[in-house]
Amino acid sequence: MNIAEEINEVIRAVRTDGESHRIVLERTFETGAADLWRACTDPERLSRWFEPVRGDLTVGGRYLLTGSGTEGVIERCEPARRLAITWEYQGDVSHVEVDLVAEGAGRTVLRLTHRVPSDDHWRTYGPAAAGIGWQESVVALGLYVAGESGFSPEEMEAFSNTPEGRGAIRRAADAWALAHQESGVPVGEARACAERTIAAYLGEGSA
């Protein structure tokens, strides 16, 4: 399985709701909902493809991702169905929901929704800033579930610094620019946000 090709397995959407925006990713995995849930919530398995986590991993408890320093509150937990958390990073607070929909015994659709405020960061970078990061995570999860290699956080970071990885970042930003346009944003605005995000991811600016 090729990491760059995995990008094509992700469905993207951008939706605006009042003063917030929703970045939505969907991908179908060849495994049951219970197994996919454990891959996303069991600390030992989560650390293999995402980040190490610690804390009170029950509803109302606080978690900490020790790699990035992201933390938050677990707001809702319905095993094999839905997880809702706050996403708190460097003073910014947003909300993430993960929904699992079983499609038969061995296929599950994962839908990740990240609700972010309509602020200066959004107006500058649009959906790609968060969308690319989540997309990389979904790709890593796909490789992990399929039993492939090359999906660990360290390996994914190393891949992003290769010519192939940098090209994948550009293609991902282009895909998010299209989703941004489809949400009703003018083409020029969506393209400008994507280009600023590309520059930030490739070390030419800051997001």
Next item on the list: Quick one: list whatever passes side chain to side chain contact (heavy atoms under 4.5 Å, CB included) with Glu51, sequence neighbours left out.
Entry: Leu65, Ser68
Checklist line | Any Val139 side-chain heavy atom under 4.5 Å of Met156 side chain | finding: yes
Notebook entry, point to check: Of all heavy-atom pairs between Ala173 and Ala194, which one has the smallest distance, and what is that distance?
Noted result: O-CB, 3.8 Å
Item checked: From CD1 (Ile132) to CG (Leu25), nearest 0.5 Å -> 11.0 Å
Check: Considering all heavy atoms of both residues, which atom of Pro52 and which atom of Ser47 are nearest to each other, and what is their separation?
Finding: CA-CB, 3.9 Å
Next item on the list: Without swapping roles, check the side chain of Tyr201 against the backbone of Arg170 for a donor-acceptor pair under 3.5 Å.
Entry: no
Next item on the list: Write down the atom of Arg123, the atom of Asp120, and the distance for their closest heavy-atom approach.
Entry: NH2-OD1, 2.8 Å
Check: Do any N or O atoms from the side chain of Trp49 and from the backbone of Ala39 form a donor-acceptor pair under 3.5 angstrom?
Finding: yes
Item checked: Test item: Asp119 side-chain N/O and Trp122 main-chain N/O as donor-acceptor pair under 3.5 Å -> yes
Notebook entry, point to check: Would Glu88 and Thr86 count as having a side-chain donor-acceptor pair, cut-off 3.5 Å?
Noted result: yes
Notebook entry, point to check: Is a side-chain N or O of Glu189 found less than 3.5 angstrom from the main chain of Pro186, in a donor-acceptor match?
Noted result: no
Next item on the list: Provide the closest heavy-atom pair for Leu100 versus Ala33 in the form atom of the first, atom of the second, distance.
Entry: CD1-O, 3.7 Å
Checklist line | Check: Thr113 main-chain N/O paired with Arg115 side-chain donor or acceptor under 3.5 Å | finding: no
Check: Backbone N or O of Thr124 within a donor-acceptor pair of the Arg196 side chain at under 3.5 Å?
Finding: yes
Notebook entry, point to check: Can you name the closest pair of heavy atoms from Leu57 and Arg54 and give their distance?
Noted result: CD2-O, 4.3 Å
Check: Hey, is the main chain of Ala158 close enough, under 3.5 Å, to the side chain of Thr162 for a donor-acceptor pair?
Finding: no
Item checked: Residues Trp87 and His114: side-chain donor-acceptor under 3.5 angstrom -> no
Note to self: Just so I know, are the side chains of Ile23 and Arg15 near enough to count as touching, which here means a heavy-atom distance under 4.5 Å?
What the structure shows: no
Checklist line | Contact check, side chains of Thr41 and Val98, non-hydrogen atoms, under 4.5 Å | finding: no
Next item on the list: Specify the closest pair of heavy atoms between Tyr63 and Ile74, including all atoms of both residues, with the distance to one decimal.
Entry: CD2-CG1, 4.2 Å
